[in-house]
Amino acid sequence: MQFTAKQISEFINGTIEGDENVKVEELSKIEDGKPGSLCFLSNPKYENYLYSTNASVVIVSQDFLPAQAVKSTLIKVADPYSAFSVLLDRYNEVISQVNDSSGIEQPSFVHPTAKLGKNVFIAAFSYIAENVEIGDNSKILAQVYVGPDTKIGTGCTLFPGVKIYNRSVIGDRVFIHANTVVGSDGFGFAPQADGTYSKIAQIGNVVIEDDVEIGANTTIDRATMGSTFIRKGVKLDNLIQIAHNVDVGEHSVVAAQTGISGSTKLGEKSVVGGQVGIAGHLSLAKGTQIGAQAGINFSTTEENKQWHGSPAQPLRDWMRASVIFKQLPSVEKRIAALETTIAQLKALIEQNSTIQDK
């Protein structure tokens, strides 16, 4: 499908500089732009590509002033990244066949007690257990397991291989990517006198609220009692471990390989970098920002604060400590030189004392 620059600008409320009739048929990165493609410039580090790209149309900020001539037609908007995201969503809808699929493919199993809404799609080799409820326009792709008494809202997509354990609750417009597990047992074992461990029954569930997206191969454990909560608008990356009774606050973002231990509460609108480890039974303030590979073993009360390092510390303290850490080899040499000088001075003083005694 082809669209003119004018049509695109109207869709994203932009203004055009250049040929409004130029046509595009695909989206691309600005460094890979070619005739017939559309891309965007948001990060100033990529501005040099604007002057060499062959893309037909580039979305830029409304206050952007090019430093030299530009071959491409420009569409100026308030936020290029957000505008391009809107186009990506629309493009994905157009090219994705799953959005047009409905019905039940065979072989698959849907229990007679399951309730399916309008325009629901169940792909082959999926298993829908007893008393499951699936809302309108939701898509269950191949090899998905949905356990008993689970509720799934409207407009959801469960990608291939997703496993949803019993009594999970999933809201509207939730996307769960391949091989993610929701509702597996929490890691609860009681140490015994003989050194063995006795399993503690995990009788709670997982509640995922509206507009959540969960990456591939992520695991969210069911609560020991009560619920593990993934609140409205949360975005979880691939390969994340969310332990039992964790509460991830609304509109928080968590990057890959992060682990959040049991019963910890992450404040709303928090941002957690990759490979972060968060200990259990903590409460982190609203807007907490945690740098990659940080280790958090304490609760926080100050909102919108940045934490880095392991054990974590405030950003400025961590930056100062990092500078000192880099200087340690030279500091060691200086200390060794000072120790040598002190030893030499000490020897001279002792020698002088001996001479004076004589």
Side-chain angles (χ1 to χ4, degrees), residues 1 3 7 11-12 27 82 85-184 204-220 222 227-236 238 242 248 250-251:
M1 298 180 65
F3 298 90
Q7 289 173 318
F11 186 70
I12 59 176
L27 307 179
S82 295
S85 296
V86 169
L87 293 176
L88 283 173
D89 287 341
R90 180 56 183 156
Y91 183 76
N92 187 53
E93 290 177 6
V94 171
I95 66 173
S96 178
Q97 295 181 352
V98 70
N99 290 293
D100 298 324
S101 302
S102 62
I104 301 173
E105 289 186 344
Q106 296 301 328
S108 61
F109 176 80
V110 179
H111 196 277
T113 60
K115 298 178 180 178
L116 307 184
K118 298 177 181 178
N119 198 36
V120 167
F121 175 60
I122 309 293
F125 302 104
S126 289
Y127 186 101
I128 310 300
E130 59 268 26
N131 300 318
V132 167
E133 297 181 15
I134 302 177
D136 297 348
N137 302 309
S138 287
K139 314 298 178 186
I140 310 299
L141 302 188
Q143 297 182 328
V144 169
Y145 170 82
V146 182
D149 303 304
T150 290
K151 295 182 179 180
I152 299 173
T154 63
C156 296
T157 300
L158 274 55
F159 288 89
V162 168
K163 305 296 184 285
I164 309 295
Y165 281 45
N166 61 304
R167 296 186 296 105
S168 297
V169 179
I170 298 173
D172 298 333
R173 300 173 300 281
V174 172
F175 292 83
I176 304 178
H177 289 274
N179 299 319
T180 281
V181 178
V182 173
S184 50
N205 72 339
V206 173
V207 176
I208 299 173
E209 296 183 350
D210 298 343
D211 300 305
V212 169
E213 183 153 354
I214 301 170
N217 293 302
T218 284
T219 302
I220 303 172
R222 70 193 307 107
S227 299
T228 299
F229 286 100
I230 310 297
R231 300 292 184 177
K232 180 179 178 181
V234 166
K235 312 302 179 189
L236 301 180
N238 307 324
I242 306 293
V248 180
E250 290 186 3
H251 303 293

Donor + acceptor pair across side chains of N166, D149 (<3.5 Å): no
Heavy atoms only: give me the nearest S138-G153 pair and the separation to one decimal. OG-O, 2.7 Å
Check the pair N238 / N217 against side-chain contact (heavy atoms from CB on, under 4.5 Å), numbers first and verdict last. CA-CA 6 Å; N238 307 324; N217 293 302; 5.6 Å; no
Residues in side chain to side chain contact (heavy atoms under 4.5 Å, CB included) with V110, at least two apart? I104, A114, L116, I122, I128
Quick check: closest heavy atoms across C156 and G171, and the distance to 0.1 Å? SG-O, 3.0 Å
Holding to side chain to side chain contact (heavy atoms under 4.5 Å, CB included), I want the full list of residues that pass it with K151, two or more places apart in sequence or in another chain. E133
Is the shortest side-chain heavy-atom distance between E130 and P148 below 4.5 Å? yes
Donor-acceptor check, side chain of T228 to backbone of G183, threshold 3.5 angstrom: yes or no? no
Let's go through V207 and R167 carefully: what are the C-alpha distance in whole Å and the side-chain angles of both, what is the deciding distance for side-chain contact (heavy atoms from CB on, under 4.5 Å) to 0.1 Å, and is it a yes or a no? CA-CA 9 Å; V207 176; R167 296 186 296 105; over 6 Å; no
Check whether any side-chain N or O of D136 sits under 3.5 Å from a backbone N or O of K118 as a donor-acceptor pair, and report yes or no. yes
Which atom names give the shortest non-hydrogen contact between G147 and A129, and what distance separates them? C-CB, 3.7 Å
Report yes or no: do S168 and N205 form a side-chain donor-acceptor pair below 3.5 Å? no
To the closest 0.5 Å, what do you measure between CZ (R173) and CG (D211)? 4.0 Å
Given 3.5 Å as the limit, does a donor-acceptor pair link the side chain of R222 with the main chain of G204, or not? yes
Short question: side chain of S126, backbone of V144 - any donor-acceptor pair under 3.5 Å? yes
Which heavy-atom pair separates H177 from A216 by the least distance, and what is that distance? CB-N, 3.6 Å
Please round to the nearest 0.5 Å and tell me the distance separating atom CZ of F159 and atom CD of Q143. 15.0 Å
Verify whether one side chain among T154 and N137 offers a donor that lies under 3.5 Å from an acceptor in the other. no
Member of L141, I152, I134 meeting the side-chain contact (heavy atoms from CB on, under 4.5 Å) criterion with L158: I152
Report yes if some heavy atom in the side chain of I176 is under 4.5 Å from a heavy atom in the side chain of I164; otherwise report no. yes
Can you measure from OH (Y127) to NE2 (H111) and round to the nearest 0.5 angstrom? 6.5 Å
Full working for side-chain contact (heavy atoms from CB on, under 4.5 Å) between I220 and I214: CA-CA 10 Å; I220 303 172; I214 301 170; 3.7 Å; yes
Between the CD atom in E105 and the CD1 atom in I140, the distance rounded to the nearest 0.5 Å is 12.5 Å
Without swapping roles, check the side chain of R231 against the backbone of H251 for a donor-acceptor pair under 3.5 Å. no
Short question: side chain of T113, backbone of N131 - any donor-acceptor pair under 3.5 Å? yes
May I have the step-by-step check of side-chain contact (heavy atoms from CB on, under 4.5 Å) for Y165 and V181, ending in yes or no? CA-CA 8 Å; Y165 281 45; V181 178; 3.7 Å; yes
